[in-house]
Peer 1: 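Following this message is one structure expressed as structure tokens.
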Amino acid sequence: MATGGGNRNGVHKSPNLRTSASFKSKLPTSNVRRSAAAAADSVSGRVRVAVRLRPRNTEELVADADFADCVDLQPELKRLKLRKNNWDSDTFEFDEVLTEFASQKRVYEVVAKPVVESVLEGYNGTVMAYGQTGTGKTYTLGRLGDEDTSARGIMVRAMEDILANISPEIDSISVSFLQLYMESIQDLLNPANDNISIVEDQKTGDVSLPGATVWEIRDQQSFIQLLRLGEAHRIAANTKLNTESSRSHALLMVQVKKSVVDRDEFSLEAQNRSIGNLRPPMLRKGKLIVVDLAGSERIHKSGSEGHMLEEAKSINLSLSALGKCINALAENSPHVPVRDSKLTRLLKDSFGGTSRTSLVVTIGPSPRHRAETASTIMFGQRAMKVENMLKIKEEFDYKSLAKRLEMEIDKLMAENERQEKVYENEIERIRLEAQKRVAEAERNYVEALEEEKTKCQMDYMESIKKLEEKWTTNQQKHAINGEINNGARNEEVAELKKLLQDEVCLRKAAEDEIHNLKSQLFRFSKLELAGGNSDSFNLQQVLEEESCQKKKLEEEVRVLRSQLAQMSIEANQTRSYPDGSNSGNPLLGLDSLAPLNHMRSRDGNNGDRASITNLHEQVGLQKILSLLESEDANVRIHAVKVVANLAAEEGNQEKIVEAGGLTSLLMLLRTYEDETIRRIAAGAIANLAMNEANQELIMAQGGICLLAITATDAEDPQTLRMVAGAIANLCGNDKLQMRLRSEGGIKALLGMVRCRHPDVLSQVARGIANFAKCESRASTQGSRHGRSLLIDDGALPWIVQNANSEASLIRRHVELALCHLAQHEVNAKDMISGGALWELVRISRDCSREDIRALARRTLTSSSTFQSELRRLRIEV
Ligand code: ADP
Ligand code: MG
């Protein structure tokens with residue numbers, strides 16, 4: 001029993017208490033993240049003791065009215081004075097001194113709150129009330145505060161705090177409510193369960209009650225319900241002191257499992273990070289035990305009897321065992337009789353164990369119970385000396401890790417499924433899109449094809465139509481030509497036949513006349529012989545005249561016969577070439593470089609030529625030429641054809657000219673009336689113009705003017721071709737250059753290019769080439785100076801234009817002309833500006849004829865003007 005020394009002892013033995021500003025211990029909160037291994041580290045934690053004084057109750061207010069309280073509290077000094085008598089008292093120091101005015105809230109905060117906080121951090125915690133029956137243990141711990149919430153006791157407030165500090169979805173609270181009565185543990189949540197055994201873990205020494213009912217607490221309501229139920233089951237026995245007090249020990253066990261929550265664990269980032277993180281979360285297991293001990297009063301004072309006495313002994317067994325243990329612990333005794341009672345076994349961890357323990361000793365003010373009060377105070381004082389080693393109960397929460405991983409797997413599976421679906425949808429979308437595009441492309445393609453097909457069909461139809469039209473026109477033309485030719489020939493033949501008949505008749509008549517005259521002469525001779533000589537002379541004269549007449553007639557008949565023969569040949573010819581392809585074109589197939597030898601070029605004409613020669617021999621050239629001036633157009637046509645054919649023979653040309661044929665032919669050109677005549681006459685002139693002597697004659701007789709007029713007038717390509725041929729031949733004569741040009745020969749030649757017929761163009765090109773060649777020759781010989789007359793007359797553009805003509809004949813003439821022109825420096829500038837240089841370069845490179853190619857190259861290299869231009873243009877020849 002503590003005395004004044006005890007008082008001193010209390011003060012001295014707990015120097016740290018003085019300095020401690022509050023009851024709350026300074027627990028290292030940084031332990032939150034400690035590993036399980038580190039959790040083995042422990043912190044010392046002394047049992048904290050508060051003393052609470054109950055206010056006087058009604059009875060005391062009356063009975064002790066004249067007495068002072070047995071205690072005097074100095075809460076600010078955390079001291080309690082226990083009166084010994086009126087002048088002496090013992091002073092005790094506690095961790096907290098709570099007066100009769102201390103509110104339930106304050107009591108909770110100083111006594112229980114630090115323990116509850118520790119439990120939430122993973123420590124075991126014990127809050128215990130010790131004191132005489134009726135001093136307010138149950139009031140302090142177990143009040144529900146139904147009517148007055150400020151009256152709520154430690155149990156209710158502790159649960160409120162716990163609930164406020166956990167996460168219901170991941171943390172758990174489980175509660176058992178038991179009572180220890182006469183060394184038997186009963187389940188207050190299930191009274192049938194009345195002898196629960198204590199199980200101790202051999203390894204850890206942990207004590208547990210596997211048989212006790214465990215309630216999972218989700219909210220305050222369910223906890224209140226639980227307390228109410230437990231209270232209802234609690235055996236309460238009345239004692240003299242207080243009919244409401246219980247003689248049993250009540251134990252509320254609250255197991256709190258709390259995950260160590262990373263503050264940002266619920267953030268998206270942390271969740272992402274946690275995927276694949278196999279570190280199990282930390283789980284803290286704190287156990288709070290709230291013990292409402294049975295009254296600590298001495299038996300003899302309780303007034304208990306019989307069974308009640310046994311009961312009181314049992315209650316005291318546990319209590320005295322607790323006292324003994326505390327004494328042993330306080331004195332650092334090597335033996336602590338924990339196993340002496342069930343209470344000490346159950347509270348093994350609370351005193352001298354790892355728990356944070358807080359004891360509230362309740363006392364009453366009555367001096368009548370001074371001894372009990374003193375005993376209670378001493379119990380508290382001893383308990384204050386008990387040092388516990390607080391240990392955090394922290395372990396890896398593999399269960400929750402498994403649960404979390406399972407959740408993650410589920411989440412990932414769901415995500416995977418979702419992604420798969422998205423992927424499938426995307427594939428489907430792309431497939432549809434591709435299908436759409438392919439279909440569209442196909443449609444476009446088909447449309448384009450259709451369009452192209454239609455276009456091709458239309459083009460095809462168009463060409464067919466054109467060809468048909470052409471064919472029809474040709475047919476018609478041929479038909480008309482054939483008809484005209486045949487008709488004309490037939491008419492001619494008929495006419496000739498008629499003429500012949502007439503002539504024959506005339507001859508007959510003449511013969512008859514002769515015969516008649518002869519017989520008259522004979523008669524006259526007879527008469528003469530008989531009569532006179534003058535009549536006979538007259539008759540002889542007449543006879544001679546008649547004879548002459550006859551000869552003439554015979555000549556004419558011969559001519560007519562030969563004409564008839566000619567006509568017959570031509571008629572046959574027409575019949576054998578019904579397409580007219582050769583009929584109107586005596587110069588067809590003519591090689592432009594060769595003389596215009598149409599007659600010779602036609603194999604089938606041997607017979608005709610023979611007949612013409614024959615005719616010519618029979619009739620005589622003079623007579624044929626005279627027929628050119630016949631008044632009869634048909635005769636003129638036939639005659640000009642005959643002359644043209646004759647002129648094709650080189651041997652005849654001189655004779656024709658001598659006989660004045662050239663003049664007559666030129667006349668025919670001048671007195672133009674018929675395209676055929678003009679065409680054939682031009683052809684004949686062209687043939688004659690092959691001969692150098694004739695060329696001069698043609699010029700002398702103003703032939704170039706006539707040819708120039710015809711070149712301007714005529715439209716028929718064949719006529720133009722003949723005229724061009726004639727002029728081309730004249731162009732080749734060195735002596736005629738100036739005159740040919742001055743009389744418009746060059747201009748006439750160039751004028752004919754309006755007719756695009758290749759035969760005409762070819763003759764024009766030949767003429768130009770001939771002319772250029774003569775000029776070149778004259779310049780080389782020094783008889784000519786100055787720029788080419790061809791360039792003067794504007795031939796260069798046409799030359800350049802046709803230098804690369806598709807018709808090889810034209811191209812060759814033009815190429816030659818260019819080479820000739822280029823040989824004279826004086827032409828170079830014009831040729832460069834007219835684009836002829838390019839053509840010359842091309843000729844020097846590409847011309848198919850080696851000699852022309854060489855000539856062009858030579859020409860280019862020999863001209864300094866060309867050379868400098870080529871250098872300027874950086875062109876290599
Ligand atoms: P115990 O449980 O220690 O036997 P109780 O808690 O039953 O004591 O209290 C006995 C009586 O005293 C009850 O009627 C209770 O209401 C009253 N009482 C106890 N402590 C106080 C207090 N601090 N303030 C007011 N009344 C109290
Ligand atoms: Mg009680």
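Start at 1 and go down the list; that is how both ligands and their atoms are numbered. The chain is numbered in sequence order, starting from 1.
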Peer 1: Say whether T362, considering both its backbone and side-chain N or O atoms, lies within less than 3.5 Å of an N or O atom on ligand 1.
Peer 2: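 No, since none of the N or O atoms of T362 sits under 3.5 Å from an N or O of ligand 1.
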
Peer 1: Going by side chain to side chain contact (heavy atoms under 4.5 Å, CB included), S222 matches just one of L226, I224, D219. Which one?
Peer 2: D219

Peer 1: Is there a polar contact between ligand 1 and G134, counting only N or O atoms under 3.5 Å apart?
Peer 2: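 Yes, there is a polar N/O contact under 3.5 Å.
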
Peer 1: Could you tell me whether R339 and E200 make a salt bridge, using a distance below 4.0 angstrom between a side-chain N and a carboxylate O?
Peer 2: yes

Peer 1: With no hydrogens and no angle check, is any side-chain donor or acceptor of Q220 less than 3.5 Å from a backbone partner on V156?
Peer 2: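 The answer is yes, because a donor-acceptor pair under 3.5 Å joins these two groups.
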
Peer 1: Give the atoms of ligand 1, by number and element, whose distance to some non-hydrogen atom of P55 is under 4.0 Å.
Peer 2: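 Within the 4.0 Å cut-off of P55, ligand 1 contributes 21 (C), 22 (C), 23 (N), 24 (N), 25 (C).
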
Peer 1: Should K113 and D161 count as an ion pair when the cut-off is N to O under 4.0 Å?
Peer 2: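 Yes, charged N to carboxylate O under 4.0 Å.
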
Peer 1: Flag K137 as yes when one of its N or O atoms lies below 3.5 Å from any N or O atom of ligand 1, and as no otherwise.
Peer 2: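 Such a contact does occur with ligand 1.
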
Peer 1: Which bit of R52 is near ligand 1, meaning a heavy atom under 4.0 Å away: side chain, backbone, both or neither?
Peer 2: side chain

Peer 1: Mark up the atoms of ligand 1 that fall under 4.0 Å of a heavy atom belonging to T133, in ascending order.
Peer 2: 4 (O)

Peer 1: Please output the side-chain donor-acceptor pairs of residues 63-72 that fall under 3.5 Å, not counting sequence neighbours, one pair per line with the distance.
Peer 2:
unit_1 : atom_1 : unit_2 : atom_2 : d
D64    : OD1    : R368   : NE     : 2.9
D64    : OD2    : S366   : OG     : 2.9
D69    : OD1    : R56    : NE     : 2.9
D69    : OD1    : R56    : NH2    : 3.0

Peer 1: Does this structure show an ion pair linking R52 with E96, if we count only N-O contacts that are shorter than 4.0 Å?
Peer 2: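 E96 and R52: not salt-bridged.
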
Peer 1: Tell me whether the Mg ion (ligand 2) has T138 as a neighbour, meaning an N, O or S atom of it below 2.8 Å.
Peer 2: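 Under 2.8 Å: T138 contacts the Mg ion (ligand 2) through an N, O or S atom.
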
Peer 1: A quick test of your reading: do over 12 heavy atoms of other residues, nucleotides or ligands sit less than 6.0 Å from CD of Q202?
Peer 2: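 12 or below, so no.
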
Peer 1: Which of the numbered atoms in ligand 1 are below 4.0 angstrom from a heavy atom of T138?
Peer 2: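 This gives 2 (O), 6 (O) as the contact atoms.
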
Peer 1: With a cut-off of 4.0 Å, which atoms of ligand 1 are near a heavy atom of Q132?
Peer 2: 3 (O)

